[in-house]
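The structure under discussion appears below in the form of structure tokens.
Hydrogens, waters and symmetry mates are skipped; everything else that's a heavy atom, side chains included, is used. This structure is a prediction, so every number in the text was calculated from the model and none was measured.
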Amino acid sequence: MQLKHFLQFKDFSRDEYEYLFARARWIKQEFKQYRQYWPLADRTLAMIFDKNSTRTRLSFEAGMHQLGGAAIYLSTRDTQLGRGEPVEDAARVISRMVDLIMIRTYQHDLVRRFAEYSRVPVINGLTDEYHPCQIMSDIFTYTEYRGSIEGKTVAWIGDSNNMCSTWLQAAEIFNFKVHVSTPPGYDVDPERIGLNGTAHFEKFVSPHKAVQGVDLVTTDVWTSMGFESETEQRKNDFAEFCVDEEMMALAKPDALFMHCLPAHRGEEVSAGVLDGPQSVVWDEAENRLHTQKALMEYLLLGKIDTAK
């Protein structure tokens with residue numbers, strides 16, 4: 001079986017995602033019925049964390065256990081990676097001892113270099129540039145509620161961060177459109193718009209215009225990890241970009257609201273929207289577990305009969 005990594009959303013084709021979603025639906029159903037499914041018995045996942053996490057650690061660790069395998073937590077503060085060991089050397093060693101590696105860190109180049117020297121599949125659990133596991137869960141969640149996302153419109157409100165960049169990659173693969181509204185100075189990096197960006201991406205100065213008639217509204221915290229020194233400045237710059245009830249009312253009546261969490265009620269989203277009837281954030285969070293289980297199964301075993 002050919003070695004595959006999952007470092008950016010564009011690493012997989014639409015057919016591969018459709019397969020993963022089918023597997024995730026089945027795996028989720030088995031989980032809800034308390035039926036044991038251990039395809040990864042005797043397999044080990046190494047989880048390397050440079051950035052703290054709740055959902056990423058829990059979903060990967062619990063998911064690996066639920067598939068019959070084991071997960072090992074490694075913090076860069078507690079390993080030689082935190083003491084200057086070259087990434088390439090760490091990859092050579094760690095990949096000889098485990099079957100799968102997930103990394104959550106700052107610079108995307110670190111994950112890329114690690115994967116280049118790894119003998120086993122590497123998963124990007126988050127970098128400053130991309131968050132593919134989250135968007136995989138988000139699109140899966142949308143399909144659960146509304147069916148195919150093809151031809152739909154997603155409004156991204158706030159910072160043009162790793163989530164925004166990954167939504168833009170997903171739009172090209174699934175053929176939908178992303179309306180992006182950011183404050184001045186926080187615009188999308190042109191390099192991340194993609195080859196067919198004009199067909200899938202539209203910039204809006206006004207967040208209220210960006211959400212008009214869309215199928216999904218999504219946002220994230222104004223200050224991502226690593227940018228804490230900018231918190232007060234960002235609060236001022238993003239003051240008009242809170243997704244509140246008034247803004248949501250401009251989207252389609254059946255539009256969904258998503259947030260990758262953790263959320264700051266009263267900043268990027270109002271409590272009324274986050275806890276309201278259009279919000280699917282709790283299913284979105286849970287689906288990290290099921291989609292990542294499908295991902296780990298695929299990276300280690302390849303495609304299997306989706307009827308199993």
**Request:** Only one of Leu126, Ile123, Ile103 passes side-chain contact (heavy atoms from CB on, under 4.5 Å) with Val111; say which it is.
**Result:** Ile103
**Request:** Fit a plane to each ring of Tyr17 and Phe6, take the angle between them on a 0 to 90° scale, and name the class: parallel (under 30°), tilted (30 to 60°) or perpendicular (over 60°).
**Result:** perpendicular
**Prompt:** Got a salt bridge between Lys293 and Glu297, using NZ or NE/NH1/NH2 to carboxylate O under 4.0 Å?
**Reply:** no
**Asked** Is it true that the NZ or CZ of Lys152 lies under 6.0 Å from the centre of Tyr142's six-membered ring and within 45 degrees of the ring axis?
**Response** no
**Message:** Does this structure show an ion pair linking Arg14 with Glu150, if we count only N-O contacts that are shorter than 4.0 Å?
**Reply:** yes
**Request:** Hey, can you tell me if Phe241 and Phe238 have their rings parallel, tilted or perpendicular (30° and 60° cut-offs)?
**Result:** perpendicular
**Prompt:** Can the positive tip of Arg57 be found less than 6.0 Å from the middle of the six-membered ring of Tyr73, inside 45° of the ring normal?
**Reply:** yes
**Asked** Can you tell me if Glu268 and Thr219 form a side-chain donor-acceptor pair at under 3.5 Å?
**Response** no
**Asked** Any side-chain heavy atom of Leu301 sitting closer than 4.5 Å to one from Arg43?
**Response** yes
**Prompt:** Any ion pair linking Arg234 and Asp159 (charged N to carboxylate O, less than 4.0 Å)?
**Reply:** yes
**Item:** Closest approach of Met247 to Glu240 (non-hydrogen atoms, all atoms of both residues)
**Value:** CE-O, 4.3 Å
**Message:** Can you give me the closest heavy-atom contact between Ala46 and Leu74, atom names plus distance?
**Reply:** CB-CD1, 4.4 Å
